[in-house]
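Everything below concerns the one structure shown next.
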Amino acid sequence: MIELKIAVFLKQVPDTDEVRMDEQKGTLIREGVGTVINPLDQNALQLALELRNRLGGRVVALSMGPAQAEVALREALALGADEAILLCDRAFAGSDTWATARTLAAASGKTGPFDLFLAGAKATDGETGQVGPEAAAMMGLPFASNVCGVEIAGGKATVRRAVEGGTERARLPLPCLLTVVHEVGEPSMPTLAGKMRARRAPVPALGAADLGLDPETCGLSGSPTRVVRIAFPKVTRSGGRYSGGQLDEGIRAVVDKLEAMGLLAPGKERPKAAAPGAVTLPASPGEELPWETGLCGLPAGGVMVAGECRDGAVNPSTLELVAKARELADASGGTVTAVLPCDRLEEDPARCVRHGADRVILVRHPKLALFNPDVESRLLAALVRGLRPDIVLAAATTSGRTTLPAVAALVETGLTADCTGLSIDPENGELLQTRPAIGGNVLATIRTPRHRPQMATVRPRTFRLPPEDPEREGRIFSLVPPEDFMASPVEPLGAERSEEETAPIQDAEIVVSGGKGLKRPDGFRLVGSLAGVLDGAVGASRPTVEAKWIGYPHQVGLSGRVVTPRAYIAVGISGAIQHLAGMQTSEFVVAVNRDPEAPIFRVSDIGLVGDLFEIVPRLVSAVSARKEARR
């Protein structure tokens with residue numbers, strides 16, 4: 001039997017089911033709000049326990065926090081963990097994700113060695129998803145994120161990870177670090193015997209000195225990023241509500257708005273992936289850059305966009321960021337460089353130039369056909385060291401949220417995740433990075449004052465894509481990394497697209513979500529009919545997923561997916577705060593609910609009050625008629 005020593009990183013977070021807002025003051029009501037183990041960390045712990053029970057070994061739970069975090073560790077012991085260790089020191093207070101990862105990495109070295117590290121893919125209070133990849137990079141470990149399935153054999157972990165539009169598979173050698181999502185397995189409940197054992201078990205506490213860390217380099221003083229401003233945005237919208245005899249008017253208003261937004265055009269067929277082994281590198285599209293010295297001759301500074309290519313095309317989110325980078329560079333007097341890692345590119349890379357880039361570096365290699373976080377993080381880190389940009393931007397896609405934290409660790413700088421606002425401070429030229437936190441109820445503005453580059457990931461569709469400027473000119477470069485650099489302990493095994501007819505909710509311009517108001521699982525057929533006629537995606541509330549009415553990939557909210565579509569239609573959803581946090585930045589929101597006092601109406605532009613089983617078919621008919629009239 002294999003004996004695995006598994007470390008699980010746990011975080012204690014506020015219970016999002018209990019969080020409420022004071023709508024008059026716009027602040028969080030913390031009184032009476034309990035704390036729980038971060039939900040996805042519970043999934044990680046469950047996976048660790050299952051692996052131990054099947055293969056043998058020990059499970060060690062580690063948590064950094066104040067003394068009260070011991071409660072979460074005792075819960076882990078009650079669930080079956082063999083050991084629990086609290087990382088507690090006043091010096092750790094105020095840690096950002098980089099400083100947290102550094103502390104966890106140091107603790108792992110002191111309490112290990114470990115064969116496997118597990119953590120949740122994100123925490124509900126911060127939603128960054130950064131600590132796992134940052135810690136892996138600091139420990140020099142291969143890693144994978146968003147893992148939904150694991151098999152251990154022959155000293156290797158074969159994993160399946162959830163990505164936009166499907167799954168990817170990869171094989172990693174042990175030791176490695178995996179961050180997991182809900183689909184990896186349901187958490188169990190503690191037994192009475194487990195609870196009794198947990199009460200008696202020791203929970204040792206380790207401080208900075210125990211870990212060999214200088215207190216001056218921990219916590220707030222050791223954190224590259226600083227929160228400089230907190231705002232409490234109002235989540236209400238000045239939308240009208242329609243009921244009874246006004247419903248026809250309300251439905252017409254919804255269809256008029258969708259048409260005005262350009263969302264009733266014929267849908268586009270989803271692209272099919274080419275087989276990785278069948279592709280060939282095209283001829284060089286521009287000037288060749290030598291790997292060793294090619295970056296040295298390019299101007300330093302400015303804004304670098306770490307782009308993404310899918311199936312031979314530039315991801316639209318990359319073009320959105322290039323346009324935003326142009327705005328930032330104009331404000332700071334810098335240049336814009338777009339980096340496109342790919343095995344092939346079947347469209348003109350000069351599109352990035354026409355959207356604002358001064359130069360495009362097309363990094364080509366056959367091993368970039370499949371996503372490999374080890375290769376891509378080292379590649380981007382090498383480009384950052386060579387180009388020395390002031391700012392680095394990437395899309396907050398599954399790939400971007402996996403790679404950028406590791407890059408930040410490798411180049412020793414901070415990272416702000418899921419930004420919804422970026423600007424240049426006119427007083428000092430620093431990047432002001434604004435992101436939602438604590439369920440979207442707080443907007444935090446963050447700086448990176450002493451470290452460079454300043455790095456941020458941005459939610460797709462946060463910034464609207466302006467038209468191309470056909471007159472813009474720029475330079476196109478081609479860079480081919482050597483084979484020894486591309487060698488990796490991580491072996492990508494392939495990708496599978498989802499067979500579902502609707503688009504993934506993270507990518508969709510329109511999301512139609514259903515809640516418990518649908519009354520039964522087949523109620524989602526009604527949701528699907530509306531999503532289908534709108535060429536949108538099907539979303540869901542957490543209660544419907546927990547009731548097994550629909551799969552977890554559809555769940556919208558803090559413990560599911562955060563979406564930013566152009567239009568979001570909530571059908572039979574009351575509007576719990578953890579759900580609102582996952583969709584309230586949508587451009588246009590419609591709610592259908594029979595309860596006129598449902599919280600969802602407070603974040604809706606148009607509310608349709610009544611029986612959803614009557615309203616949704618009427619809405620489907622109205623959309624179909626309008627689309628037919630446009631033909």
Side-chain angles (χ1 to χ4, degrees), residues 133-145 156 159 161 168-177 276-277 279-298 300 304-310 312 314 318 337-345 349 359-389 392 394 399-400 402-413 415 453 455 475-495:
E134 284 176 328
M138 291 174 181
M139 293 187 284
L141 295 177
F143 67 98
S145 68
K156 294 188 177 183
V159 305
R161 56 190 299 268
E168 295 175 349
R169 296 176 63 247
R171 185 176 293 119
L172 299 80
L174 301 180
C176 64
L177 185 148
V279 302
T280 57
L281 291 175
S284 171
E287 305 171 54
E288 292 280 357
L289 288 176
W291 173 255
E292 296 294 338
T293 60
L295 299 179
C296 299
L298 299 178
M304 171 179 147
V305 175
E308 290 184 35
C309 298
R310 296 182 188 172
V314 178
T318 296
T337 301
V339 175
L340 302 178
C342 60
D343 64 320
R344 75 194 195 285
L345 190 62
R359 55 181 179 249
V360 179
I361 301 177
L362 185 61
V363 185
R364 305 178 304 141
H365 196 282
K367 289 186 177 178
L368 293 171
L370 295 172
F371 177 69
N372 183 331
D374 168 63
V375 167
E376 297 214 12
S377 58
R378 289 189 291 105
L379 175 61
L380 289 175
L383 291 168
V384 167
R385 295 185 187 107
L387 293 169
R388 304 186 302 284
V392 176
S399 298
T402 299
T403 303
L404 262 288
V407 176
L410 292 172
V411 301
E412 300 185 349
T413 192
L415 171 65
M455 295 179 60
R475 300 174 70 184
I476 310 294
F477 297 95
S478 179
L479 183 67
V480 180
E483 292 298 327
D484 59 346
F485 183 89
M486 298 299 291
S488 172
V490 178
E491 180 187 359
L493 300 177

With [X] via side chain to side chain donor-acceptor pair (under 3.5 Å) - residues at least two apart:
| X | result |
| --- | --- |
| Arg169 | none |
| Glu308 | Thr397 |
| Thr337 | Arg359 |
| Arg475 | Glu287 |

Tell me if a side-chain donor or acceptor on [X] pairs with a main-chain N or O of [Y] at a distance below 3.5 Å.
| X | Y | result |
| --- | --- | --- |
| Ser377 | Pro373 | yes |
| Arg378 | Phe485 | yes |
| Arg385 | Leu383 | no |
| Asn372 | Val490 | yes |

If you define the side chain from C-beta out and look only at heavy atoms, does anything of [X] sit under 4.5 Å from [Y]?
| X | Y | result |
| --- | --- | --- |
| Val363 | Ile361 | yes |
| Pro489 | Leu172 | no |
| Leu368 | Cys342 | no |
| Leu340 | Val314 | yes |
| Leu362 | Leu345 | yes |
| Leu289 | Ser478 | no |
| Val375 | Met486 | yes |

Minimum heavy-atom distance between [X] and [Y], given as atom pair plus value:
| X | Y | value |
| --- | --- | --- |
| Pro349 | Val360 | O-CG2, 3.8 Å |
| Pro341 | Leu379 | CB-CD2, 4.2 Å |
| Pro492 | Phe371 | CG-O, 3.9 Å |
| Ala135 | Leu177 | CB-CD1, 4.4 Å |
| Asp343 | Ala369 | OD2-CB, 3.5 Å |
| Pro453 | Thr413 | O-OG1, 2.7 Å |

With a cut-off of 3.5 Å and sequence neighbours excluded, list every side-chain donor-acceptor pair involving residues 402-411.
unit_1	atom_1	unit_2	atom_2	d
Thr402	OG1	Ser145	OG	2.4
Thr402	OG1	Arg161	NH2	3.4
Thr402	OG1	Thr398	O	2.7
Thr403	OG1	Ser399	O	3.1

Calculate, to the nearest 0.5 Å, the distance between atoms [atom1] and [atom2] belonging to [X] and [Y] respectively.
| X | Y | atom1 | atom2 | answer |
| --- | --- | --- | --- | --- |
| Leu479 | Glu288 | CG | CD | 8.5 Å |
| Asp374 | Ser488 | CG | OG | 3.5 Å |
| Arg388 | Met304 | CZ | CE | 13.0 Å |

Handout entry: side chain to side chain contact (heavy atoms under 4.5 Å, CB included) partners of Lys156, counting only residues at least two apart
Key =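 Lys156 satisfies side chain to side chain contact (heavy atoms under 4.5 Å, CB included) with Arg171 only.
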